[in-house]
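Notes follow once the structure below has been shown.
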Amino acid sequence: MVAARVVLHVDLDYFYAQCEEREDPSIGGKPVVVCVYSGRTADSGAVSTANYVARQFGVKSGIPIVLAKRMLKDEDAVFLPVNRKFYEKVSNSIMNLLRGHADSFEQVSIDEAFLDVTKRINSNFEEARKLAQRIKEEIMAKEKLTCSVGIGPNKLVSKIAAGFRKPDGLTVVKPEEVEAFLAPLPVGKLYGVGKKTEKVMEKFGIKTVGDLAKYNTEKLIEIFGKTLGVYFHNAAKGIDEEPVQERGRAESLSRIKTLKEDTRDLKVILEEVDRLCSEVHSRVVQQGLNFRSVGIMAVMTDMSVHSRTKTFENSTNELEVLRSTAKELFERFLRQQPELEVRRVGVKASNFEESQKKQTRLIDFANKT
DNA sequence: GTATGCTTTCGGC
DNA sequence: TTACGGCCGAAAGCATAC
């Protein structure tokens, strides 16, 4: 019998806005809204993050800035532009602190990470709670920020546990508590269950994770196929074997920008696209990568989102390939989409390989064997 | 019939 | 009342391979 794993999920609370509160304590207690301004008109753009005071008024990430201003018009609210470089620095400092507390570590995003602490706390969940408390205190001491922590026997449970109580929460779900903890949650909370899958499950009377756990496994396999059926069966019981491990390079690098005004003028579009290509290219090269796929994105006047991708046989790191492919994809897209004007344009590189020709030459391969 | 890979869209922050 | 960013990985749809 192998002792249970113990996994922590750490989630920094309303991260961008909390960083701003720390930098300027005079805004503490007020609604704080961190915004991405598009530069098109004074307040065009969207909310990136809002603190919990602002959330009480309905302000949340993704809504238009003008709408957030209306919701907060009678309040002494603070609107700030995003300062990503600054948040990245704070994040890096905290991620390094967290890494030092883990047997294995996995950063998920700028404000989230998994820590496998099984060995250092000897599979003892009470010790894990104490460790999490110490970690919270350290983050407060070093970076003056709060976070929410979830503890469980795997990534699936710890992630849901972290979201259970926030901000500044700490939720422990012991192995024997897992099924009861998950049972009342909607199936959509499970990783791998999106809107479409949720609809299909509902059709079969499966609404909660508990419903899914009780459901006949053979029938699940009939509905979703073997791989997914077995996966859902396990997930509903809180069984998840995904290891906590450092992530490699990103899977894609992209830039997107709102145009000064909506247009269908290919010349105007390609001028911006060329700039975006250069920026994506320099990031790709900086990381020592080759790309095998080039993608474009277009957001139209009606806010509909479209994308096109082209994948090559061989990878490259040439700017000219990025530019000419993006151009070709935009030309083709505008022909297929002959009515609407373009509002935002984006460029993406993906399908990466290391660019140093470290590939084993055939002769080296022969010598090794 | 199931797995895999590519493409497009969705959704969280 | 309308309003509207930038970036990433997940989800979903489809074609083809096994």
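Note: hydrogens, waters and symmetry copies are ignored here, and every other heavy atom, side chains too, is used. Every chain is numbered from 1 and lettered A, B, ... according to where its sequence line falls, protein lines coming before strand lines.
Under the salt bridge (charged side-chain N to carboxylate O under 4.0 Å, His left out) criterion, R255(A) pairs with E279(A), sequence neighbours left out. Taking Y215(A) as the reference, nothing meets the ring pair (Phe, Tyr, Trp, His ring centres under 6.0 Å) condition, with sequence neighbours excluded.
Summarising the geometry, the separation between NZ on K60(A) and P on dG12(B) is reported as 9 Å, rounded to the nearest angstrom. Atom CE of M71(A) and atom P of dC4(C) are 15 Å apart (whole Å). The nearest whole Å value for the distance from the CZ atom in R40(A) to the P atom in dG5(C) is 7 Å. M303(A) has its CE atom 15 Å from the P atom of dG11(B), to the nearest Å. In this structure, E112(A) atom CD and dC7(C) atom P are separated by 19 Å, rounded to whole Å. Atom P of nucleotide dG12(B) and atom NE2 of H9(A) are separated by 15 Å, given to the nearest angstrom. What separates CD1 of I63(A) from C1' of dC4(C) is a distance of 10 Å, to the nearest Å. Whole-Å rounding puts the R275(A) CZ to dG6(C) P distance at 13 Å.
Residues M300(A) and Q337(A) have side chains in contact (heavy-atom distance under 4.5 Å, counting atoms from C-beta outward).
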Every protein N/O within reach of nucleotides 2-9 of chain B N/O, cut-off under 3.5 Å:
unit_1, atom_1, unit_2, atom_2, d
dA3(B), OP1, T227(A), OG1, 3.0
dA3(B), OP2, T227(A), OG1, 2.7
dC6(B), OP1, R292(A), NH2, 3.3
dT7(B), OP2, T311(A), OG1, 2.4
dT8(B), OP2, T309(A), N, 2.7
dT8(B), OP2, T309(A), OG1, 3.4
dT9(B), OP2, S307(A), N, 3.1

Any N/O pairs under 3.5 Å between the protein and nucleotides 12-15 of chain C? List them or say none.
unit_1, atom_1, unit_2, atom_2, d
dA12(C), OP1, K195(A), N, 3.2
dA12(C), OP1, K196(A), N, 2.7
dA12(C), OP1, T197(A), N, 3.1
dA12(C), OP2, T197(A), OG1, 2.6
dG13(C), OP1, K196(A), NZ, 3.1

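Atom C1' of dG12(B) sits at a distance of 13 Å from the matching atom of dG5(C), rounded to the whole Å.
A donor-acceptor pair shorter than 3.5 Å can be found between the side chains of H101(A) and E138(A).
Of the charged side-chain nitrogens involved, none lies within less than 4.0 Å of a carboxylate oxygen, so that E272(A) and K257(A) do not count as a salt-bridged pair. Salt bridge annotation for K130(A)-E127(A): present, with a cationic side-chain nitrogen under 4.0 angstrom from a carboxylate oxygen. Of the charged side-chain nitrogens involved, at least one lies within less than 4.0 Å of a carboxylate oxygen, so that D168(A) and K136(A) count as a salt-bridged pair. Between E198(A) and K195(A) there is no salt bridge, since none of the side-chain N atoms of the basic residue sits less than 4.0 Å from a carboxylate O of the acidic one.
Each of V108(A) and R84(A) was assigned the nucleotide of DNA chain C with the nearest heavy atom; the assignment lying further toward the 5' end belongs to R84(A).
For dG5(C), the OP1/OP2 oxygens have a side-chain nitrogen or oxygen of S38(A) closer than 4.0 Å.
The cationic atom of R84(A) (NZ for Lys, CZ for Arg) does not lie both less than 6.0 Å from the six-membered ring centre of Y87(A) and within 45° of the ring axis.
Residues from residues 230-265 of chain A placing a heavy atom under 4.0 Å of any atom in DNA chain B do not occur.
In the hydrophobic cluster analysis, where Ile, Leu, Val, Met, Phe, Trp and Tyr join through side-chain heavy atoms closer than 4.5 angstrom, Y191(A) is grouped apart from F114(A). Hydrophobic clustering (ILVMFWY, side-chain heavy atoms < 4.5 Å, transitive): V294(A) and V285(A) are in distinct clusters.
Within 4.0 Å of R283(A), counting heavy atoms only, lie sugar-phosphate atoms of the nucleic acid but no base atom. At a threshold of 4.0 angstrom between heavy atoms, the contacts of Y191(A) are confined to the sugar-phosphate backbone, with no base atom among them. Residue contacts for D111(A): at a heavy-atom cut-off of 4.0 Å it reaches the sugar-phosphate backbone alone, with no base atom in range.
If you check distances only, the side chain of S48(A) does reach the base of dG5(C) with a donor-acceptor pair under 3.5 Å.
Applying the under-4.5 Å side-chain rule to Ile, Leu, Val, Met, Phe, Trp and Tyr, the cluster around M71(A) extends to V33(A), Y37(A), V47(A), F57(A), V59(A), I63(A), I65(A), L67(A), L72(A), F79(A).
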